[in-house]
Q: 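Would you mind keeping the following structure in view while I ask a few things?
Chain letters run A, B, ... following the sequence lines, proteins first and then strands; every chain starts at 1.
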2 protein chains.
Amino acid sequence: MIEFHVDRADSLPAYAQLVRQVREALRLGVLKPGDRLPAVRDVVVSCTVNANTVLKAYKELEHGGLVEARQGSGTFVTGSLGAVEPHDMARLRTGLSRWVAEAREAGLEDEDVKALVTAVLAEEPAAARRDAGHGAAARRDARQGAGA
Amino acid sequence: MIEFHVDRADSLPAYAQLVRQVREALRLGVLKPGDRLPAVRDVVVSCTVNANTVLKAYKELEHGGLVEARQGSGTFVTGSLGAVEPHDMARLRTGLSRWVAEAREAGLEDEDVKALVTAVLAEEPAAARRDAGHGAAARRDARQGAGA
DNA sequence: GTAATTGTTATGGTCAAGTAGAACACTAGT
DNA sequence: ACTAGTGTTCTACTTGACCATAACAATTAC
(Lines give C-alpha, C1' and ligand atoms only; values in the text may rest on other atoms or scores of the structure.)
Protein backbone atom coordinates (compact mmCIF):
# COMPACT_ATOMS: atom_id res chain seq x y z
CA MET A 1 0.00 0.00 0.00
CA ILE A 2 1.47 3.29 -1.10
CA GLU A 3 1.97 5.98 1.51
CA PHE A 4 1.21 9.51 0.44
CA HIS A 5 2.89 12.60 1.77
CA VAL A 6 1.99 16.14 0.85
CA ASP A 7 4.34 19.07 1.20
CA ARG A 8 2.36 22.28 1.46
CA ALA A 9 5.53 24.31 0.94
CA ASP A 10 5.95 22.80 -2.50
CA SER A 11 4.71 25.05 -5.29
CA LEU A 12 3.06 22.02 -6.83
CA PRO A 13 -0.58 21.80 -5.69
CA ALA A 14 -1.48 19.01 -3.29
CA TYR A 15 -3.64 17.07 -5.71
CA ALA A 16 -0.86 17.15 -8.28
CA GLN A 17 1.60 15.82 -5.74
CA LEU A 18 -0.64 12.83 -5.15
CA VAL A 19 -0.90 12.19 -8.86
CA ARG A 20 2.82 12.41 -9.27
CA GLN A 21 3.43 10.00 -6.43
CA VAL A 22 1.15 7.40 -7.93
CA ARG A 23 2.77 7.76 -11.32
CA GLU A 24 6.23 7.41 -9.85
CA ALA A 25 5.14 4.39 -7.85
CA LEU A 26 3.92 2.83 -11.06
CA ARG A 27 7.23 3.47 -12.76
CA LEU A 28 9.16 1.96 -9.91
CA GLY A 29 6.90 -1.04 -9.58
CA VAL A 30 5.78 -0.04 -6.10
CA LEU A 31 2.26 -0.12 -7.48
CA LYS A 32 1.02 -2.77 -9.86
CA PRO A 33 -2.34 -3.37 -11.59
CA GLY A 34 -4.75 -4.78 -9.04
CA ASP A 35 -3.28 -2.87 -6.11
CA ARG A 36 -5.60 -0.68 -4.12
CA LEU A 37 -4.96 2.97 -3.43
CA PRO A 38 -5.54 4.28 0.10
CA ALA A 39 -9.15 5.15 0.81
CA VAL A 40 -10.05 8.75 0.21
CA ARG A 41 -10.85 9.24 3.89
CA ASP A 42 -7.49 7.76 4.91
CA VAL A 43 -5.59 10.20 2.74
CA VAL A 44 -7.70 13.00 4.15
CA VAL A 45 -6.44 12.11 7.61
CA SER A 46 -2.85 11.15 6.85
CA CYS A 47 -2.14 14.15 4.63
CA THR A 48 -4.47 16.64 6.27
CA VAL A 49 -6.16 17.53 3.04
CA ASN A 50 -9.76 17.72 1.97
CA ALA A 51 -11.67 14.84 0.41
CA ASN A 52 -12.22 16.94 -2.69
CA THR A 53 -8.51 17.35 -3.11
CA VAL A 54 -7.94 13.60 -2.99
CA LEU A 55 -10.87 13.04 -5.30
CA LYS A 56 -9.40 15.47 -7.76
CA ALA A 57 -6.19 13.48 -7.81
CA TYR A 58 -7.94 10.13 -8.13
CA LYS A 59 -10.16 11.46 -10.86
CA GLU A 60 -7.19 12.69 -12.80
CA LEU A 61 -5.56 9.29 -12.51
CA GLU A 62 -8.78 7.60 -13.55
CA HIS A 63 -9.13 9.91 -16.50
CA GLY A 64 -5.65 8.89 -17.51
CA GLY A 65 -6.66 5.24 -17.40
CA LEU A 66 -4.29 4.38 -14.58
CA VAL A 67 -6.81 3.54 -11.88
CA GLU A 68 -10.44 2.61 -11.57
CA ALA A 69 -12.67 3.67 -8.72
CA ARG A 70 -15.23 1.15 -7.49
CA GLN A 71 -17.74 2.72 -5.20
CA GLY A 72 -17.96 0.77 -2.02
CA SER A 73 -14.72 -1.12 -2.45
CA GLY A 74 -11.97 1.30 -3.23
CA THR A 75 -9.80 2.67 -5.98
CA PHE A 76 -7.67 0.14 -7.83
CA VAL A 77 -4.74 0.30 -10.19
CA THR A 78 -5.76 -0.87 -13.65
CA GLY A 79 -3.14 0.57 -15.94
CA SER A 80 0.58 0.35 -16.18
CA LEU A 81 3.08 2.98 -17.10
CA GLY A 82 5.27 0.59 -18.99
CA ALA A 83 7.28 0.23 -15.83
CA VAL A 84 10.73 1.09 -17.01
CA GLU A 85 13.02 -1.83 -16.31
CA PRO A 86 14.85 -1.18 -13.05
CA HIS A 87 18.06 -1.72 -14.92
CA ASP A 88 17.20 0.87 -17.55
CA MET A 89 16.07 3.28 -14.88
CA ALA A 90 19.32 2.88 -13.00
CA ARG A 91 21.30 3.46 -16.14
CA LEU A 92 19.31 6.58 -16.98
CA ARG A 93 19.69 7.93 -13.50
CA THR A 94 23.42 7.44 -13.54
CA GLY A 95 23.71 9.08 -16.92
CA LEU A 96 21.63 12.03 -15.85
CA SER A 97 23.53 12.36 -12.62
CA ARG A 98 26.74 12.56 -14.56
CA TRP A 99 25.34 15.18 -16.89
CA VAL A 100 24.00 17.27 -14.02
CA ALA A 101 27.41 17.29 -12.39
CA GLU A 102 28.87 18.53 -15.64
CA ALA A 103 26.22 21.22 -15.96
CA ARG A 104 26.85 22.44 -12.43
CA GLU A 105 30.53 22.57 -13.06
CA ALA A 106 29.86 24.81 -16.03
CA GLY A 107 28.08 27.19 -13.68
CA LEU A 108 24.44 26.35 -14.26
CA GLU A 109 22.03 26.78 -11.40
CA ASP A 110 19.33 24.22 -10.73
CA GLU A 111 16.80 26.57 -12.22
CA ASP A 112 18.80 26.87 -15.39
CA VAL A 113 19.19 23.13 -15.60
CA LYS A 114 15.44 22.74 -15.46
CA ALA A 115 14.99 25.42 -18.09
CA LEU A 116 17.44 23.68 -20.36
CA VAL A 117 15.71 20.37 -19.90
CA THR A 118 12.38 21.94 -20.72
CA ALA A 119 13.87 23.53 -23.80
CA VAL A 120 15.37 20.30 -25.04
CA LEU A 121 12.15 18.39 -24.43
CA ALA A 122 10.22 20.98 -26.39
CA GLU A 123 12.75 21.08 -29.14
CA GLU A 124 12.35 17.42 -30.02
CA PRO A 125 8.63 16.77 -29.74
CA ALA A 126 6.81 13.49 -30.11
CA ALA A 127 7.00 13.56 -33.90
CA ALA A 128 10.76 13.27 -33.85
CA ARG A 129 10.53 10.23 -31.64
CA ARG A 130 9.18 8.06 -34.41
CA ASP A 131 12.51 8.12 -36.19
CA ALA A 132 14.25 6.72 -33.15
CA GLY A 133 12.79 3.21 -33.11
CA HIS A 134 15.72 1.07 -32.04
CA GLY A 135 13.64 -1.66 -30.48
CA ALA A 136 11.81 0.73 -28.21
CA ALA A 137 8.56 -0.11 -29.96
CA ALA A 138 7.97 -3.31 -28.02
CA ARG A 139 8.41 -1.62 -24.69
CA ARG A 140 6.23 1.28 -25.77
CA ASP A 141 3.46 -1.08 -26.89
CA ALA A 142 3.35 -2.63 -23.46
CA ARG A 143 2.20 0.66 -22.08
CA GLN A 144 -1.35 1.85 -21.65
CA GLY A 145 -3.29 5.04 -22.17
CA ALA A 146 -1.65 7.20 -19.53
CA GLY A 147 0.29 9.54 -21.75
CA ALA A 148 -2.45 9.97 -24.31
CA MET B 1 17.71 43.90 -28.20
CA ILE B 2 16.12 40.78 -26.83
CA GLU B 3 12.76 39.71 -28.25
CA PHE B 4 10.24 38.33 -25.80
CA HIS B 5 7.60 35.80 -26.60
CA VAL B 6 4.96 34.60 -24.19
CA ASP B 7 3.08 31.36 -24.53
CA ARG B 8 -0.22 31.58 -22.68
CA ALA B 9 -0.74 27.85 -23.00
CA ASP B 10 2.36 27.22 -20.92
CA SER B 11 1.61 26.48 -17.29
CA LEU B 12 4.39 28.87 -16.35
CA PRO B 13 2.94 32.34 -15.71
CA ALA B 14 3.70 35.06 -18.22
CA TYR B 15 5.93 37.10 -15.91
CA ALA B 16 7.99 34.02 -15.07
CA GLN B 17 8.47 33.29 -18.75
CA LEU B 18 9.90 36.76 -19.23
CA VAL B 19 12.26 36.30 -16.31
CA ARG B 20 13.40 32.97 -17.64
CA GLN B 21 14.06 34.42 -21.08
CA VAL B 22 16.21 37.19 -19.69
CA ARG B 23 18.18 34.75 -17.58
CA GLU B 24 18.72 32.49 -20.54
CA ALA B 25 19.79 35.41 -22.68
CA LEU B 26 22.33 36.30 -20.03
CA ARG B 27 23.68 32.78 -20.01
CA LEU B 28 23.98 32.73 -23.77
CA GLY B 29 25.56 36.15 -23.97
CA VAL B 30 22.61 37.54 -25.92
CA LEU B 31 22.35 40.11 -23.18
CA LYS B 32 25.32 41.84 -21.59
CA PRO B 33 25.68 44.43 -18.83
CA GLY B 34 24.75 47.80 -20.25
CA ASP B 35 22.16 46.44 -22.64
CA ARG B 36 18.67 47.82 -22.41
CA LEU B 37 15.62 45.66 -22.02
CA PRO B 38 12.57 46.39 -24.17
CA ALA B 39 10.37 49.15 -22.77
CA VAL B 40 7.53 47.94 -20.62
CA ARG B 41 5.00 49.28 -23.12
CA ASP B 42 6.72 47.55 -26.01
CA VAL B 43 6.46 44.20 -24.29
CA VAL B 44 2.85 44.95 -23.48
CA VAL B 45 2.16 45.28 -27.19
CA SER B 46 4.42 42.56 -28.56
CA CYS B 47 3.37 39.94 -26.05
CA THR B 48 -0.18 41.11 -25.42
CA VAL B 49 0.27 41.22 -21.68
CA ASN B 50 -0.37 43.84 -19.07
CA ALA B 51 2.17 46.40 -17.91
CA ASN B 52 1.98 44.97 -14.41
CA THR B 53 2.96 41.57 -15.68
CA VAL B 54 6.05 43.00 -17.33
CA LEU B 55 6.78 45.08 -14.26
CA LYS B 56 6.56 42.03 -12.10
CA ALA B 57 9.13 40.31 -14.25
CA TYR B 58 11.44 43.32 -14.34
CA LYS B 59 11.09 43.79 -10.59
CA GLU B 60 12.02 40.21 -9.97
CA LEU B 61 15.09 40.60 -12.15
CA GLU B 62 15.99 43.82 -10.39
CA HIS B 63 15.55 42.19 -7.02
CA GLY B 64 17.97 39.53 -8.20
CA GLY B 65 20.51 42.18 -9.07
CA LEU B 66 20.47 41.42 -12.76
CA VAL B 67 18.95 44.64 -14.06
CA GLU B 68 18.38 48.20 -12.93
CA ALA B 69 15.34 50.27 -13.80
CA ARG B 70 15.86 53.97 -14.43
CA GLN B 71 12.60 55.80 -14.55
CA GLY B 72 12.34 57.80 -17.71
CA SER B 73 15.18 56.05 -19.51
CA GLY B 74 14.61 52.32 -19.41
CA THR B 75 15.66 49.11 -17.75
CA PHE B 76 19.29 48.13 -18.12
CA VAL B 77 21.28 45.01 -17.55
CA THR B 78 23.69 45.46 -14.68
CA GLY B 79 24.55 41.95 -13.58
CA SER B 80 25.97 38.90 -15.22
CA LEU B 81 25.09 35.29 -14.79
CA GLY B 82 28.58 33.97 -15.29
CA ALA B 83 27.73 33.48 -18.92
CA VAL B 84 28.43 29.87 -19.60
CA GLU B 85 30.87 29.61 -22.46
CA PRO B 86 28.91 29.04 -25.68
CA HIS B 87 31.11 26.04 -26.28
CA ASP B 88 30.28 24.54 -22.88
CA MET B 89 26.62 25.28 -23.38
CA ALA B 90 26.60 23.58 -26.75
CA ARG B 91 28.32 20.56 -25.31
CA LEU B 92 25.84 20.35 -22.44
CA ARG B 93 22.92 20.70 -24.75
CA THR B 94 24.14 17.94 -27.00
CA GLY B 95 24.78 15.68 -24.06
CA LEU B 96 21.37 16.33 -22.60
CA SER B 97 19.71 15.85 -25.95
CA ARG B 98 21.32 12.47 -26.23
CA TRP B 99 20.23 11.50 -22.75
CA VAL B 100 16.66 12.62 -23.37
CA ALA B 101 16.50 10.47 -26.48
CA GLU B 102 17.65 7.54 -24.41
CA ALA B 103 15.08 8.24 -21.73
CA ARG B 104 12.29 8.47 -24.26
CA GLU B 105 13.35 5.24 -25.81
CA ALA B 106 13.07 3.60 -22.42
CA GLY B 107 9.47 4.75 -22.30
CA LEU B 108 9.65 7.87 -20.14
CA GLU B 109 7.17 10.63 -20.80
CA ASP B 110 8.24 14.24 -20.71
CA GLU B 111 6.60 14.59 -17.35
CA ASP B 112 8.58 11.70 -15.98
CA VAL B 113 11.79 13.09 -17.36
CA LYS B 114 11.18 16.32 -15.50
CA ALA B 115 10.39 14.41 -12.33
CA LEU B 116 13.61 12.46 -12.62
CA VAL B 117 15.62 15.60 -13.21
CA THR B 118 14.09 17.22 -10.16
CA ALA B 119 14.88 14.14 -8.12
CA VAL B 120 18.50 14.05 -9.21
CA LEU B 121 18.95 17.76 -8.58
CA ALA B 122 17.56 17.36 -5.09
CA GLU B 123 19.60 14.29 -4.42
CA GLU B 124 22.93 16.05 -4.89
CA PRO B 125 22.45 19.44 -3.30
CA ALA B 126 24.83 22.38 -3.23
CA ALA B 127 26.95 20.89 -0.46
CA ALA B 128 28.05 18.02 -2.65
CA ARG B 129 29.21 20.42 -5.30
CA ARG B 130 32.21 21.59 -3.33
CA ASP B 131 33.93 18.27 -3.91
CA ALA B 132 33.76 18.72 -7.65
CA GLY B 133 36.12 21.68 -8.07
CA HIS B 134 37.91 20.91 -11.30
CA GLY B 135 38.55 24.51 -12.24
CA ALA B 136 34.93 25.43 -11.99
CA ALA B 137 35.68 27.76 -9.10
CA ALA B 138 37.04 30.57 -11.26
CA ARG B 139 34.02 30.57 -13.46
CA ARG B 140 31.71 30.45 -10.48
CA ASP B 141 33.45 33.40 -8.85
CA ALA B 142 32.83 35.51 -11.94
CA ARG B 143 29.15 35.32 -11.24
CA GLN B 144 27.04 37.82 -9.37
CA GLY B 145 24.21 37.71 -6.87
CA ALA B 146 21.49 36.31 -9.10
CA GLY B 147 21.22 32.86 -7.63
CA ALA B 148 21.17 34.03 -4.03
C1' DG C 1 -31.98 -6.44 5.84
C1' DT C 2 -28.70 -3.79 8.34
C1' DA C 3 -24.49 -1.63 9.19
C1' DA C 4 -19.96 -0.38 7.94
C1' DT C 5 -16.91 1.03 4.37
C1' DT C 6 -16.07 3.04 0.24
C1' DG C 7 -16.49 6.47 -3.58
C1' DT C 8 -19.34 10.68 -5.12
C1' DT C 9 -21.67 14.96 -5.46
C1' DA C 10 -23.02 19.49 -3.97
C1' DT C 11 -22.76 23.93 -1.82
C1' DG C 12 -20.39 27.61 -0.20
C1' DG C 13 -16.66 29.90 1.37
C1' DT C 14 -11.41 31.44 1.78
C1' DC C 15 -7.14 32.64 -0.10
C1' DA C 16 -3.30 33.69 -3.19
C1' DA C 17 -1.64 34.36 -7.85
C1' DG C 18 -2.05 36.39 -12.07
C1' DT C 19 -3.82 39.82 -14.78
C1' DA C 20 -5.97 44.16 -16.25
C1' DG C 21 -7.02 49.38 -16.72
C1' DA C 22 -6.16 53.92 -15.54
C1' DA C 23 -3.69 57.34 -13.66
C1' DC C 24 0.80 59.06 -11.77
C1' DA C 25 5.99 60.34 -11.76
C1' DC C 26 10.43 60.82 -13.56
C1' DT C 27 13.84 61.78 -17.53
C1' DA C 28 15.57 63.45 -21.80
C1' DG C 29 15.24 65.88 -26.13
C1' DT C 30 13.34 69.94 -28.41
C1' DA D 1 8.09 74.89 -21.01
C1' DC D 2 6.62 71.32 -23.63
C1' DT D 3 6.40 66.70 -25.21
C1' DA D 4 7.34 61.99 -25.85
C1' DG D 5 9.06 58.06 -23.77
C1' DT D 6 9.94 55.66 -19.72
C1' DG D 7 9.08 53.27 -15.19
C1' DT D 8 5.54 53.14 -11.33
C1' DT D 9 1.54 52.84 -8.37
C1' DC D 10 -3.26 51.90 -7.21
C1' DT D 11 -7.35 49.44 -7.34
C1' DA D 12 -10.02 45.75 -8.78
C1' DC D 13 -11.33 41.54 -11.35
C1' DT D 14 -10.66 36.60 -12.51
C1' DT D 15 -9.08 32.19 -11.81
C1' DG D 16 -7.37 28.09 -9.59
C1' DA D 17 -6.52 25.58 -5.50
C1' DC D 18 -8.18 24.51 -1.29
C1' DC D 19 -11.23 23.68 2.73
C1' DA D 20 -15.52 22.61 5.51
C1' DT D 21 -19.67 20.40 5.74
C1' DA D 22 -23.16 17.66 4.49
C1' DA D 23 -25.67 14.54 2.07
C1' DC D 24 -25.92 10.73 -1.38
C1' DA D 25 -24.81 6.04 -3.66
C1' DA D 26 -22.79 1.54 -4.26
C1' DT D 27 -20.53 -2.49 -2.31
C1' DT D 28 -19.44 -5.77 1.14
C1' DA D 29 -19.79 -8.32 5.56
C1' DC D 30 -22.76 -9.74 9.06
Q: Short question: side chain of Arg27(A), backbone of Leu81(A) - any donor-acceptor pair under 3.5 Å?
A: yes
Q: Would you please test Leu121(B) and Arg104(A) for side chain to side chain contact (heavy atoms under 4.5 Å, CB included) and show each step?
A: CA-CA 10 Å; Leu121(B) 284 175; Arg104(A) 276 171 165 163; 3.8 Å; yes
Q: Take the protein atom CG of Leu18(A) and the nucleotide atom P of dC19(D), then report the distance between them rounded to whole Å.
A: 10 Å
Q: For Leu12(B) and dA17(C), what is the distance between atoms CG and C1' respectively, to the nearest whole Å?
A: 13 Å
Q: Would you tell me if any nitrogen or oxygen in the side chain of Lys56(B) comes within less than 4.0 Å of OP1 or OP2 on dG18(C)?
A: yes
Q: Is there a donor-acceptor pair closer than 3.5 Å between any side-chain N or O of Trp99(A) and the backbone N or O of Leu92(B)?
A: yes
Q: Just grab all the salt bridge (charged side-chain N to carboxylate O under 4.0 Å, His left out) pairs involving residues 35-61 of chain A, residues at least two apart or on different chains.
A: none
Q: Of Cys47(A), Pro13(A), Ser46(A), which meets side-chain contact (heavy atoms from CB on, under 4.5 Å) against Val6(A)?
A: Cys47(A)
Q: Please encode protein proximity along nucleotides 1-14 of chain D as a string of B, S and -, counting only heavy-atom distances under 4.0 Å.
A: ----BBBBBB----
Q: Ignoring hydrogens and angles, are the base of dG21(C) and the side chain of Asn50(B) linked by a donor-acceptor pair under 3.5 Å?
A: yes
Q: Would you list the atom pairs, donor with acceptor, under 3.5 Å between side chains in residues 65-73 of chain B and any protein atom, with sequence neighbours excluded?
A:
| from | atom 1 | to | atom 2 | distance (Å) |
| --- | --- | --- | --- | --- |
| Glu68(B) | OE2 | Arg70(B) | NE | 3.4 |

Q: Measuring to OP1 and OP2 of dA17(D), would you say a side-chain N or O of Arg8(A) lies under 4.0 angstrom away?
A: no
